[in-house]
J.: 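Got a structure for you, questions after.
No hydrogens, no waters, no symmetry mates; every other heavy atom, side chains included, goes into these values.
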Amino acid sequence: MNRDKKRALCLLAGLLAFFLGLLAVGGVGVYNDSEQYITMHIHREPLYPLYLAAFRAVLGEGYLTAAMAGQGILTAVGITALSEYLTRRFGLRLWEELLVVALQLLPHLITRYVSALHIFLENSVMSEGLCIPLFTLFAYFLLRMLFEGKVRDAVLALLFAYLLSMTRGQMMTTILLWALLLGIRMVFYKKYRSLFICVSAVALVFLLRDFTVHVYNYGVTGYFMGNTYGQVNTLTNVMYACDEEDREVFEEGDLEQAFFDSFYSKAMERKLNHVYAGDSFGERAAYLEANHDILKFQILEAELSAYYFGLGEVDYYEQSSMSDEMAGKMIKKLLPACFGQWLYDYILLCRNGFVRSIAVVHPLINFAALLLYLLAAGLALWLILVKKQARAAVVMGTALLFIAANVCATSITIMCLSRYMIYGFSLFYIALYLVIREVCENKLLWRSKQNELSGHHI
């Protein structure tokens with residue numbers, strides 16, 4: 001066994017001890033959303049409920065502990081694979097590889113000790129516990145695809161993007177990221193004819209995802225349908241941005257207008273509208289984030305459910321589908337009317353999302369996060385345009401594109417909580433270190449050459 005394999009095994013063993021040790025000490029975390037995954041709720045994507053169901057079918061009682069151990073093992077494998085690859089690709093020293101590992105452990109510690117939920121994700125019955133290691137493996141194969149151009153790596157990266165999209169809807173952005181980066185690579189190497197394959201693969205994966213979700217829901221509920229509730233989520237932020245005169249977009253006396261009037265009056269009564277937010281960007285963003293779920297659950301969902309259940313002989317799945325359909329119709333008419341205010345609120349949510357992707361929201365830290373983004377992008381562009389070196393810049397570009405896609409997609413439907421944004425954290429800081437390292441190496445090389453020239457002249 002060579003030295004690299006021994007180091008990788010030692011690293012894997014240490015990570016396994018870390019994650020499984022924390023599980024032994026802290027136990028399994030069950031939270032508000034956990035029951036929906038366990039019961040295969042129609043609102044949830046299929047992969048995580050199926051993951052839990054597989055352990056339940058094999059082990060019966062006590063399956064949750066084994067499932068959490070599986071999450072920890074998969075996370076350890078993903079961190080090891082990505083760390084070892086970057087070490088080989090960039091010629092990192094041992095302490096640098098350990099830094100890369102530590103940066104990948106930070107999100108788990110942040111969500112435990114800094115975020116509002118205070119949970120250790122890998123020990124929790126939440127889709128993030130599976131989504132984080134899947135994302136690490138996706139990043140591993142994506143970077144291999146970009147650096148080495150092997151078909152195998154491209155296929156595996158797309159496979160993990162598909163699995164991610166089946167775990168959390170927001171992670172459909174990884175499929176688009178795969179297509180964008182592979183397309184850029186094909187254009188760079190002038191493989192224009194291969195672009196058709198890239199576009200076709202993305203279309204097929206989206207169709208496969210939609211079909212898989214329908215088949216899963218048919219098996220669980222008896223209805224061949226997609227996941228519901230997404231439209232209600234989106235309508236929540238649209239209603240938040242509305243004013244009373246926006247009711248005029250509906251025909252007088254129709255059902256959609258009746259829903260709007262009820263939603264709006266109750267929202268205003270409980271101060272769940274943009275007019276009650278503060279004056280500063282931070283206050284307005286915080287107000288929307290604090291009131292999104294109240295508006296959604298206690299007003300929109302409650303009103304829609306009561307109406308459709310009141311029709312009689314309507315089960316939960318039919319009601320959920322009807323509510324989503326009604327929400328979709330209302331969004332199409334309302335959004336153009338309140339677009340300016342909605343866009344303003346959307347930008348506020350994105351602002352918090354970009355900060356939470358690499359830090360925590362705080363007036364002083366927000367500015368520091370902006371400077372970090374500018375520094376990262378500036379150094380990456382300098383390496384590409386001036387030094388013609390793209391290795392570290394490729395990693396940084398991948399990190400920034402993913403963060404932007406994740407933030408912008410999430411902000412459309414819900415607020416950007418830390419556990420939704422945490423995926424890009426490690427990749428960004430690893431990329432930042434690699435970019436700074438490459439800049440410093442270039443500076444040292446330039447000084448060395450200047451010294452040689454100076455000595456030769458003497």
J.: How close do L143 and Y85 get, counting heavy atoms only, and between which atoms?
T.: O-OH, 4.1 Å
J.: Write out all pairs satisfying side-chain hydrogen bond (donor to acceptor under 3.5 Å, both in side chains) with one or both partners inside residues 12-22, taking only residues at least two apart or from two chains.
T.: none
J.: Tell me the closest heavy-atom pair linking V125 and Y37, and the distance in Å.
T.: O-CD1, 3.9 Å
J.: Could you tell me whether H41 and Y317 have their ring centroids closer than 6.0 angstrom?
T.: no
J.: Throw together a table of side-chain donor-acceptor distances under 3.5 angstrom for residues 176-185, partners on residues two or more places apart or in other chains.
T.:
| unit_1 | atom_1 | unit_2 | atom_2 | d |
| --- | --- | --- | --- | --- |
| W178 | NE1 | A154 | O | 3.0 |
| R185 | NE | M145 | O | 3.3 |
| R185 | NE | L146 | O | 2.9 |

J.: With side chains defined as the heavy atoms from C-beta onward, is the minimum distance between T136 and Y423 less than 4.5 Å?
T.: no
J.: Strictly under 6.0 Å, is that where the ring centroids of Y307 and F259 end up?
T.: yes
J.: Between the side chain of Q170 and the main-chain N/O of Y420, is any donor-acceptor distance below 3.5 Å?
T.: yes
J.: Is there a side-chain contact between F19 and I73 in this structure, where contact means two heavy atoms from C-beta onward sitting under 4.5 Å apart?
T.: no
J.: Under 3.5 Å, is there a donor-acceptor pair linking the side chains of H292 and Y287?
T.: no
J.: Looking just at side-chain N and O atoms, do Y216 and N227 make a donor-acceptor pair shorter than 3.5 Å?
T.: no
J.: Answer yes if the side chains of S323 and Y308 hold a donor-acceptor pair under 3.5 Å, and no otherwise.
T.: no
J.: Could R247 and F260 be counted as a cation-pi pair, given that NZ or CZ must be under 6.0 Å from the ring centre and within 45° of the axis?
T.: no
J.: If you look at every heavy atom in Q71 and Y51, which pair is closest and at what distance?
T.: N-OH, 3.2 Å
J.: Between E318 and D315, is there a donor-acceptor pair closer than 3.5 Å when you use the side chain of the first and the backbone of the second?
T.: yes
J.: What distance do R391 atom CZ and M396 atom CE have between them, rounded to the nearest 0.5 Å?
T.: 14.5 Å
J.: Take atom NZ of K333 as the centre, draw a 6.0 Å sphere, and report whether it contains more than 12 heavy atoms from other residues, nucleotides or ligands.
T.: yes
J.: Ignoring hydrogens and geometry beyond distance, is a side-chain donor-acceptor pair present between T75 and E122 at under 3.5 Å?
T.: yes
J.: Just by modelled atom types, is the E325 backbone N or O under 3.5 Å from a matching donor or acceptor in the Q231 side chain?
T.: no
J.: Spell out, as yes or no, whether a donor-acceptor pair under 3.5 Å connects the side chain of S124 to the backbone of F120.
T.: yes
J.: Do V213 and E45 come close enough that some side-chain heavy atom pair is under 4.5 Å?
T.: no
J.: May I ask you to decide if I422's main-chain N or O and R356's side chain share a donor-acceptor pair within less than 3.5 Å?
T.: no
J.: Between the side chains of E128 and R168, is the shortest nitrogen-to-carboxylate-oxygen separation below 4.0 Å, so that they form an ion pair?
T.: yes
